[in-house]
Novice: 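If you scroll down you'll find the structure; I have some questions about it.
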Amino acid sequence: MPGATGHPSPADLAAKLVDLLDVEELDTDLYRGKRGDDGFGRVFGGQVIAQALQAAQRSTDDDKQAHSLHAYFMRPGAEEHPIIYRVVRDFDGKSFATRRVIATQRGVPILSLTCSLQRQEEGLAHQDRMPDVPPPEALKSDLEIRLETADQMPERFRANFTRPRMIESRPVNPRSWFKPEKQEPQQSSWFRVVAPVADDPALHRAILAYASDMSLLGTATLPHGVNWMTHKLQTASLDHAVWLHEPFRADEWLLYACDSPWTGHARGFNRGRIYAQDGRLVASCAQEGLIRLRD
């Protein structure tokens, strides 16, 4: 139920995200994903990735856990239609399993995803060190920053610009929405679900996959001083990859450190590392996206 401000409470927002990612089994290896209601008209790419991952996980033995996924976006999804996910069981071995998932709307493919799952085992281990950044408690939330600048947003977009999100984000070096300056193609932010969720590791992996699409593509625009507010910028995710390394909770703070080593030919390439607050590298991400400046 809405809180005193008229907005949903954090617990309601977290429950909404859990419900959104709970795909419905229609038949063997056939699932239906719920529709989002953000009001953008186009489905958020992270939602499709997360729902496809859930479909792959639901089709696999419990003792195998998803450790990597690779997805290609083919068409934008529409919010007014549910998404159907068909799973193909390409391989089931003693240690690994491989799944292909095709997401369709009205019979047309919008995303293809390949997911690999592994039975847990021990082995050699090392990792990159977590960047030295301020803790999340020392930073303003993205919503606080949006509210401080909401008067600069055209009124017809203001309610959506300042609405509470299901994922709370706290940027380390906030960029300006309205006066972007050229800067190094690097950015970091802390994120977590706005309220605690159930102890289901598969759910937490799906939530991380959902959130992994929130920061990557914008990193490639940083050296050029452009964004969606100030320029006629056309962007879209082309492909997306996530490698899941260590156990984590998506309702505890995670640091997303992103960089973009290359942009060109109307495409931007981005990388991301996700750390738990104790310094463990829990996931790595990569994405290439379309970036066009229109006249």
Side-chain angles (χ1 to χ4, degrees), residues 1-17 20 35-47 76 79-80 133-195 207 210-237 250-251 253-256 258 268 270 272 289 291 293-294:
M1 295 295 292
T5 62
H7 293 301
S9 69
D12 290 334
L13 288 168
K16 176 182 176 182
L17 179 59
L20 180 66
R35 294 179 288 177
D37 58 357
D38 288 335
F40 293 114
R42 193 165 76 173
V43 176
F44 173 52
Q47 173 191 324
E79 283 187 330
E80 61 264 31
V133 300
E137 296 79 11
L139 301 170
K140 291 182 179 180
S141 72
D142 179 67
L143 180 58
E144 289 176 303
I145 296 168
R146 288 170 180 263
L147 289 171
E148 290 174 353
T149 58
D151 59 340
Q152 302 178 56
M153 174 63 66
E155 187 173 356
R156 66 184 184 277
F157 302 129
R158 198 171 298 160
N160 193 46
F161 183 69
T162 59
R163 64 181 172 82
R165 265 66 173 175
M166 298 179 288
I167 301 290
E168 179 183 1
S169 175
R170 297 193 178 188
V172 173
N173 296 112
R175 63 185 302 191
S176 171
W177 283 98
F178 305 101
K179 295 181 180 179
E181 297 180 356
K182 294 181 179 181
Q183 60 189 78
E184 290 297 311
Q186 299 175 353
Q187 61 177 343
S188 295
S189 59
W190 294 95
F191 72 91
R192 67 177 179 183
V193 184
V194 294
I207 292 173
Y210 175 94
S212 69
D213 194 33
M214 294 175 63
S215 298
L216 278 178
L217 187 52
T219 309
T221 68
L222 294 175
H224 309 284
V226 299
N227 66 24
W228 299 273
M229 297 291 183
T230 61
H231 294 77
K232 293 182 179 179
L233 190 64
Q234 179 189 3
T235 62
S237 300
D251 52 7
W253 287 116
L254 299 169
L255 178 69
Y256 202 175
C258 301
N270 309 273
I291 301 178
L293 280 178
R294 296 295 193 182

Novice: In Å, rounded to the nearest 0.5 Å, how long is the span from OG of S212 to CZ of F191?
Specialist: 7.5 Å

Novice: A quick test of your reading: do over 12 heavy atoms of other residues, nucleotides or ligands sit less than 6.0 Å from CD of E155?
Specialist: no

Novice: Measure across L139 and P135 and return the closest heavy-atom pair with its distance rounded to 0.1 Å.
Specialist: CG-O, 3.7 Å

Novice: Can you find a heavy atom in the side chain of S188 that is under 4.5 Å from one in the side chain of L255?
Specialist: yes

Novice: So, taking the atom named CD1 in I167 and the one named CG in D142, what distance separates them when rounded to the nearest 0.5 Å?
Specialist: 12.0 Å

Novice: Side chains of R146 and R165: closer than 4.5 Å at any heavy-atom pair?
Specialist: yes

Novice: Any chance you could measure D151, atom CG, to F178, atom CZ, to the nearest 0.5 Å?
Specialist: 8.0 Å

Novice: Could you grab the distance from atom NZ of K182 to atom CG of L222, nearest 0.5 Å is fine?
Specialist: 12.5 Å

Novice: Return the minimal non-hydrogen interatomic distance between T162 and A150, and the atom names on each side.
Specialist: CG2-CB, 3.7 Å

Novice: Taking all heavy atoms of I145 and all of P171, pick out the closest pair and write down the distance.
Specialist: CD1-CG, 3.8 Å

Novice: Side chains of Y210 and M166, heavy atoms from C-beta outward: is any pair under 4.5 Å?
Specialist: yes

Novice: When rounded to the nearest 0.5 angstrom, what is the spacing between CD1 in I207 and CG in L254?
Specialist: 10.5 Å

Novice: Heavy-atom distance under 4.5 Å between the side chains of R175 and T221, does that happen here?
Specialist: yes

Novice: Nearest 0.5 Å please: distance from the CH2 atom of W190 over to the CD atom of E168.
Specialist: 12.5 Å

Novice: Decide yes or no for V172 and P134: does some side-chain heavy atom of the first lie under 4.5 Å from some side-chain heavy atom of the second?
Specialist: yes

Novice: Less than 4.5 Å apart, any side-chain heavy atom of W177 and any of M153?
Specialist: no

Novice: Would you please name every residue forming a salt bridge (charged side-chain N to carboxylate O under 4.0 Å, His left out) with K179, sequence neighbours left out?
Specialist: none

Novice: Given side chains that start at C-beta, do those of S141 and R170 come closer than 4.5 Å, heavy atoms only?
Specialist: yes

Novice: Step through the shown structure and confirm whether more than 12 heavy atoms of other residues, nucleotides or ligands are within 6.0 Å of CD on Q183.
Specialist: yes

Novice: Report yes if some heavy atom in the side chain of V194 is under 4.5 Å from a heavy atom in the side chain of P164; otherwise report no.
Specialist: no

Novice: For the residue pair A220 and I291, what are the closest heavy atoms and their distance?
Specialist: CB-CD1, 3.6 Å

Novice: Can you tell me if E181 has over 12 outside heavy atoms packed within less than 6.0 Å of its CD?
Specialist: no

Novice: Locate the shortest heavy-atom distance separating K140 from E148; write the atom from each residue and the value.
Specialist: NZ-OE2, 2.7 Å

Novice: Looking at T219 and P185, what are the two nearest heavy atoms and their distance?
Specialist: CG2-O, 3.5 Å

